[in-house]
K.L.:
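Here it is, the structure in full.
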Amino acid sequence: MDYFVIASILVFISAFFGYINVRFIKLPNTIGLTVITILFTLGVFALSYFDDTLLNAERYIITHIDFRSVLLDIMLSFLLFAGALHTDLQKLRELRWPILIFATFGVLVSTFLVGSIVYFMLHGIGLEVQFINCLLFGALISPTDPIAVLGILKKANVPKKLEIKIVGESLFNDGVGVVIFLTIFGIASGSAGDFSMADVLTLFIHEVGGGLLLGALLGWITVRLMKSIDDYDIEVIITLATVMTGTIVAQYLHISAPLAMVVAGLIVGGNTARKQAMSELTENYVDKFWELIDILLNTLLFVLIGMELLVLDLEPEFVMAGLLAIPIALICRYASLIIPVNIFAKRLDFVPNTNLIMTWGGLRGAISIALALGLTYEMHRELFLVMTYVVVIFSIIVQGLTVGKLVKKLRRKIEGL
């Protein structure tokens with residue numbers, strides 16, 4: 001079975017499950033596809049007691065897809081560019097400082113809080129795991145996933161001035177989270193040698209700063225090229241070339257491709273660029289093209305998340321650890337936001353209950369699973385993969401389905417509604 005056949009099967013499954021969801025279940029696509037795929041996979045497990053043909057076929061597909069590489073090296077750039085393209089750059093500039101603090105300080109604090117509490121929790125249930133490996137789990141579970149967040153918030157009716165904070169944070173903190181994860185991974189694997197704080201700072205500046213600079217350069221070049229012509233076909237292709245070429249350049253330079261694509265998308269999608277570089281027809285085609293890319297990749301991605309159930313080692317103590325990790329991740333997320341929210345609350349007129357809504361609306365998703373898949377067996381990969389999967393599925397389904405209800409419940413207390 002070659003990659004074209006596998007891709008064709010995944011697109012067929014995505015279309016079929018998407019139809020079932022839209023026609024009958026009527027959940028947000030992100031949630032509906034995940035739920036249907038998990039139920040389908042469980043059904044395949046049950047059927048395998050009588051005939052394992054379908055189970056073997058599904059297992060073949062999922063084991064021949066490098067989920068981590070496909071997401072982090074390919075899909076993420078397209079998804080982040082598409083998300084940033086439709087984000088209000090002007091509002092993002094107004095909130096740049098709290099978003100920066102949320103995406104850096106917040107992720108760091110959450111990483112160490114989650115790692116420390118999980119360390120004691122695991123020892124309490126009889127699982128001997130080193131502290132550094134628990135920090136790895138903290139690093140991969142702390143960033144909110146822009147893919148899941150963008151998909152859910154569109155349906156949740158969150159106030160616009162709060163939505164831009166959650167979306168802005170999620171667009172940037174995954175890039176920061178990946179850098180933190182890779183730094184701790186280097187220490188845990190012993191490849192870091194005499195790793196010092198100076199080395200950590202240098203790596204952080206190189207990855208993050210380099211990604212931001214590359215994204216700004218790509219965005220500027222793209223806008224200049226689009227401004228010099230008026231041909232919607234070629235201008236759409238230029239934006240596509242920006243993402244694909246920019247991702248390769250970022251990987252070659254060992255800087256953050258996700259952050260580069262976020263910045264490039266924000267610049268190309270900004271009001272100034274739209275007025276100066278795009279005709280109304282071009283703007284419509286660019287938006288529709290990237291909306292289609294976003295929908296297609298999201299559909300495939302959340303089907304793959306559901307299918308990842310096949311590769312999990314569902315030991316009872318692993319599942320228990322995952323269930324216990326859910327409140328830990330939420331509490332640490334809430335705690336990591338207390339200081340930044342209090343600092344900026346009055347100055348930037350934060351809506352009441354910002355901390356609570358950002359905690360419940362800060363969903364975990366595919367990026368966390370992809371990072372967990374990159375752990376080695378010495379780092380207790382199977383344990384942390386199950387824990388991550390449990391937290392992510394809870395986040396997508398439970399938090400995703402209830403964040404709108406939470407906002408509605410707090411509606412009277414939120415200004416501007």
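Just so it is clear, the model here is predicted, and its values are computed rather than measured. What's counted below: heavy atoms across the whole structure, side chains too, no hydrogens, waters or symmetry copies.
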K.L.:
Do Trp290 and Val243 have side chains that approach each other closer than 4.5 Å (heavy atoms only, starting at C-beta)?
P.N.:
yes
K.L.:
With the threshold set at 4.0 Å, does a side-chain nitrogen-carboxylate oxygen contact exist between Arg381 and Asp313?
P.N.:
no
K.L.:
As an exercise, state the distance from CG of Leu79 to CG of Leu171, rounded to the nearest 0.5 Å.
P.N.:
11.0 Å
K.L.:
So Leu301 and Phe67, side chain to side chain contact (heavy atoms under 4.5 Å, CB included) or not? Walk me through it.
P.N.:
CA-CA 9 Å; Leu301 181 59; Phe67 184 88; 3.9 Å; yes
K.L.:
Enter the distance from Ile101:CD1 to Leu108:CG here, rounded to the nearest 0.5 Å.
P.N.:
10.5 Å
K.L.:
If you apply the rule salt bridge (Lys or Arg N to Asp or Glu O under 4.0 Å), what do you find for Asp88 with Arg93, and how did you get there?
P.N.:
CA-CA 9 Å; Asp88 192 325; Arg93 281 175 178 161; over 6 Å; no
K.L.:
Is there a side-chain hydrogen bond (donor to acceptor under 3.5 Å, both in side chains) between Ser368 and Thr388? Walk through the geometry before answering.
P.N.:
CA-CA 7 Å; Ser368 295; Thr388 302; over 6 Å; no
K.L.:
Specify whether Phe394 and Trp360 have parallel, tilted or perpendicular ring planes, treating 30° as the upper limit for parallel and 60° as the lower limit for perpendicular.
P.N.:
perpendicular
K.L.:
Can you give me the closest heavy-atom contact between Arg333 and Gly362, atom names plus distance?
P.N.:
NH2-CA, 3.8 Å
K.L.:
Between Asn298 and Asn29, does the side-chain hydrogen bond (donor to acceptor under 3.5 Å, both in side chains) criterion hold? Intermediate values first, please.
P.N.:
CA-CA 9 Å; Asn298 261 298; Asn29 284 330; over 6 Å; no
K.L.:
Do the side-chain N and O atoms of His123 and Glu128 include a donor-acceptor pair separated by under 3.5 angstrom?
P.N.:
yes
K.L.:
Hey, is CD on Gln251 packed in by over 12 heavy atoms from elsewhere, all under 6.0 Å?
P.N.:
yes
K.L.:
Pairing donors with acceptors under 3.5 angstrom, does anything connect the side chains of Ser110 and Ser142?
P.N.:
yes
K.L.:
Pairing donors with acceptors under 3.5 angstrom, does anything connect the side chains of Thr144 and Asn173?
P.N.:
yes
K.L.:
Between Thr282 and Glu235, does a side-chain hydrogen bond (donor to acceptor under 3.5 Å, both in side chains) hold up when you go through it step by step?
P.N.:
CA-CA 7 Å; Thr282 296; Glu235 290 180 74; 3.2 Å; yes
K.L.:
Is any side-chain heavy atom of Leu214 less than 4.5 Å from a side-chain heavy atom of Leu259?
P.N.:
no
K.L.:
Are Glu308 and Arg68 within salt-bridge range, i.e. N to O under 4.0 Å?
P.N.:
no
K.L.:
Could you measure the distance from the CZ atom of Arg96 to the CG atom of Leu92? Nearest 0.5 Å is fine.
P.N.:
10.0 Å
K.L.:
Please test Ser14 against Thr299 for side-chain hydrogen bond (donor to acceptor under 3.5 Å, both in side chains), starting from the C-alpha separation and ending with a verdict.
P.N.:
CA-CA 6 Å; Ser14 300; Thr299 301; 6.0 Å; no
K.L.:
Check this for me: Ile339, atom CD1, are more than 12 non-hydrogen atoms of other residues, nucleotides or ligands nearer than 6.0 Å?
P.N.:
no
K.L.:
Say you draw a straight line from OH of Tyr60 to CD1 of Ile62; how long is it, rounded to the nearest 0.5 Å?
P.N.:
13.0 Å
